[in-house]
Number of protein chains: 10
Amino acid sequence: MITAFVLIRARGNRVQALGEAIAELPQVAEVYSVTGPYDLVALVRLKDVEELDDVVTQGILSLEGVERTETLLAFRAYPRRLLDQGFALGQE
Amino acid sequence: MITAFVLIRARGNRVQALGEAIAELPQVAEVYSVTGPYDLVALVRLKDVEELDDVVTQGILSLEGVERTETLLAFRAYPRRLLDQGFALGQE
Amino acid sequence: MITAFVLIRARGNRVQALGEAIAELPQVAEVYSVTGPYDLVALVRLKDVEELDDVVTQGILSLEGVERTETLLAFRAYPRRLLDQGFALGQE
Amino acid sequence: MITAFVLIRARGNRVQALGEAIAELPQVAEVYSVTGPYDLVALVRLKDVEELDDVVTQGILSLEGVERTETLLAFRAYPRRLLDQGFALGQE
Amino acid sequence: MITAFVLIRARGNRVQALGEAIAELPQVAEVYSVTGPYDLVALVRLKDVEELDDVVTQGILSLEGVERTETLLAFRAYPRRLLDQGFALGQE
Amino acid sequence: MITAFVLIRARGNRVQALGEAIAELPQVAEVYSVTGPYDLVALVRLKDVEELDDVVTQGILSLEGVERTETLLAFRAYPRRLLDQGFALGQE
Amino acid sequence: MITAFVLIRARGNRVQALGEAIAELPQVAEVYSVTGPYDLVALVRLKDVEELDDVVTQGILSLEGVERTETLLAFRAYPRRLLDQGFALGQE
Amino acid sequence: MITAFVLIRARGNRVQALGEAIAELPQVAEVYSVTGPYDLVALVRLKDVEELDDVVTQGILSLEGVERTETLLAFRAYPRRLLDQGFALGQE
Amino acid sequence: MITAFVLIRARGNRVQALGEAIAELPQVAEVYSVTGPYDLVALVRLKDVEELDDVVTQGILSLEGVERTETLLAFRAYPRRLLDQGFALGQE
Amino acid sequence: MITAFVLIRARGNRVQALGEAIAELPQVAEVYSVTGPYDLVALVRLKDVEELDDVVTQGILSLEGVERTETLLAFRAYPRRLLDQGFALGQE
């Protein structure tokens, strides 16, 4: 599985309708209205990189009211190791 | 549960060490190296908004090599409704 | 109570009408025309984070003339401690 | 009273100390850690515009770890009129 | 007197008409076409901060062709002291 | 006389000293601390364009603590015509 | 041969059609949908710099839905030297 | 094969050394000095997305003098169809 | 003579027509299509600063398809001194 | 001959020394201090595109105090046609 975060800027009065429509995309695991310079963020799980074309180009970008998208594609996961021994952070 | 996406810009040679350290933060569900203008993205699950102080101010910002963070806090989730009936998108 | 600051960019000739309309939103405590890159700032008090959807997505973003909003959500307050003993600032 | 919102970008490991120090400034009514591109926001009440010099130039900017500030000065307040008659928004 | 500098971006073919119209605003002392990312700059003298609403919101922003304004409000003047003794600059 | 507006970004703890030093530059008519993304604005009157070199390159840029300057040079003034007949604005 | 990378921002619902059309430009060696702030990137091989006019001004910019392009023109190639002796990187 | 374009900003006096070092990375097919806001662009061919970690995080970001990188990952290629029949562009 | 560089952003399909029209402006010595974030650059020679109004406000900005201009006005020339003795650069 | 415009941002107190040094570069025809977001602009004439490496990478970027450069390379010139018949501008 490849994970990606699609940051979406939408026309003001289309945010809710877009959130609902994007939630129906099969590759979209979670989608939220968020604070900050973007209106929506979609957490996406992909079989392969090419599937981004279905989700973003064919899917999200084809929806009315989408102004800009920026896709952050994950290329390395950092799993948790110290499950129980509490947390030792390389603080300064 | 409140979800947030913490976008992190790091000093080049500290990305891996930071990815590993951030993965140990209890509120961090997933953390990745990503393409785009940020180096790392952390998917965070919070009991309440105040916990962001632990994760971001006390946690991530205290780590050596963190240059900038931007937190996108989710304030509305869009659940999937049409599980099986295939996908009807409000295309243009 | 959760506090948020909603920074609003509006079409030039809609600033006053928007200021008046936003003032009527129940969660809005104060709203002003301001100097700087934004036209209006609304100080918002929320019961919970989800209420942002009412104020921003359903409220402000649905108004004609709103071009952009950016929400700064407070996740930690810093109360005043040294009420009377004058002010000692950790100056350089 | 003149209201201003001072948006503050700080060095990562100085955010908490700065929040606490800024809270002690006499003109600062409220100060918070916030999500978004700034780290702290201070809500300031001034007798006159010149007082900004005390709060920002002499106060906040003199603190160690402050990287950037942007002051949004309010020049018109929009009071609420329709207290009880519910809310009629000039929606589109 | 409070001084402010209103930086104005205008639609290309409206710059001259706007310069002439803005010059008629009572609070505007001087207005120019300028080089740089803005098209016009107005030097404004105000009795009080609230007058910005007349000049900017009711005045400049209501004009056809104004795309963006940014107001820099002066909150401290630095008068000249060494009138005749030539100029001693704290150069490095 | 040629007019220019020099927008100055300064290191936080040098703003006041710079304001005072810049005020002593012979070509500087007025200089202020201002709200917005710049810390200081100098209103400059020049005999000719070349004098900008004295004011900016030799003067302001040589001062300790100046981070960035942007010069907006006026190339056309819009004088007021309708002195007494009140104000007719080409509103929309 | 001169190499250039043309970064293209397109209207959301025109990305695929533009990708296909740009692929037909004789100077275009490869063209892709990409993650990040641009929608498409074209790898271009030119006989001389003037050919950019055919590819960009006459070609890509004349297509419906192209919002912005940025051309990065290569002026020095760095060939690989250490083909077999493994890789020695001037790491810190 | 997955293609990516790594845009690199470098410290002025390190551009040449970096170009030479990056050319030795096994996944780097071509690397150039370019015009525009970046100093170098590397054309990268990957077996899978995870290899970006070797090229960018372990490779390029570990080099002295690299200030910023932005990776544009290709997720769809547009092959040329009309090889000989000249070029038909969907011009406006 | 005063020199200025006018950087011009144009609508995609108007670049060539604008290049040709701008070339006819009497004060324009040279005009080119260029790589980078601007589409055209005009090298302008002026009798005095006021002539910018003819070239930019009355000339370029009045042309259909001009989206943005930024004028860089030269205020000091650096003539070459070491004509024949080769080149001695204050390298680091 | 290929023309390029090299926009240069320099450390404040190095502008004059850099202007003088850059003027000595053989490919530099003219170099100026300019208004706007850059400090210096060099007008460069090149035999071929590769010469940019001498001028920018080996030349300008190696100088102490150069913070950023952006090169706008000309790829099409628009010669003046209507020498004497006055000026007919495709005004709106």
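Proteins come first, then strands; the chains are lettered A, B, ... in the order of their sequence lines, and each starts at number 1.
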Considering non-hydrogen atoms only, spot the tightest contact between [X] and [Y] and give its length.
X	Y	answer
Ala23(G)	Pro79(H)	CB-O, 3.8 Å
Gly36(H)	Leu72(G)	CA-CD2, 4.3 Å
Val34(H)	Ala74(G)	CG1-CA, 3.9 Å

Filtered by a 4.5 Å non-hydrogen cutoff, the part of residues 44-53 of chain H contacting chain G is Arg45(H)
Query raised in the report: By a 4.5 Å heavy-atom criterion (distance strictly below it), what part of Leu7(G) contacts chain H: side chain, backbone, both, or neither?
Result: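 When you check distances to chain H, only side chain atoms of Leu7(G) fall under 4.5 Å.
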Quiz prompt | Glu20(G) portion near chain H, given a 4.5 angstrom heavy-atom threshold | solution =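 Answer is both: backbone and side chain atoms of Glu20(G) are under 4.5 Å from chain H.
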Side chain to side chain donor-acceptor pair (under 3.5 Å) filter on Glu67(H), not counting sequence neighbours, yields none
Practice problem: Identify, with sequence neighbours excluded, every residue that meets side chain to side chain donor-acceptor pair (under 3.5 Å) alongside Ser33(H). | Solution: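 Scan of Ser33(H) (side chain to side chain donor-acceptor pair (under 3.5 Å), adjacent residues dropped) gives Tyr78(G).
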Interatomic distance, OH@Tyr38(G) vs CD@Glu70(H), rounded to 0.5 Å, equals 8.5 Å
| request: Kindly say whether Ala29(H) contributes a backbone atom to a donor-acceptor pair with the side chain of Arg80(G) at under 3.5 angstrom? | output: no
Taking Glu24(H) for the side chain and Arg81(G) for the main chain, is one N or O donor matched with an acceptor at less than 3.5 Å? yes
Counting only heavy atoms closer than 4.5 Å, note whether [X] contacts chain G via side chain, backbone, both or neither.
X	answer
Leu40(H)	side chain
Val15(H)	both
Phe75(H)	both

>> Between Leu43(H) and Thr3(G), is the side-chain contact (heavy atoms from CB on, under 4.5 Å) condition met? List the steps.
In response: CA-CA 11 Å; Leu43(H) 170 60; Thr3(G) 294; over 6 Å; no
Residue set satisfying salt bridge (Lys or Arg N to Asp or Glu O under 4.0 Å) with Arg9(H), at least two apart, ordered chain then number -> none
From the list Ala4(H), Pro37(H), Gly65(H), Ala17(H), the residue making the most non-hydrogen contacts under 4.5 Å with chain G is Pro37(H)
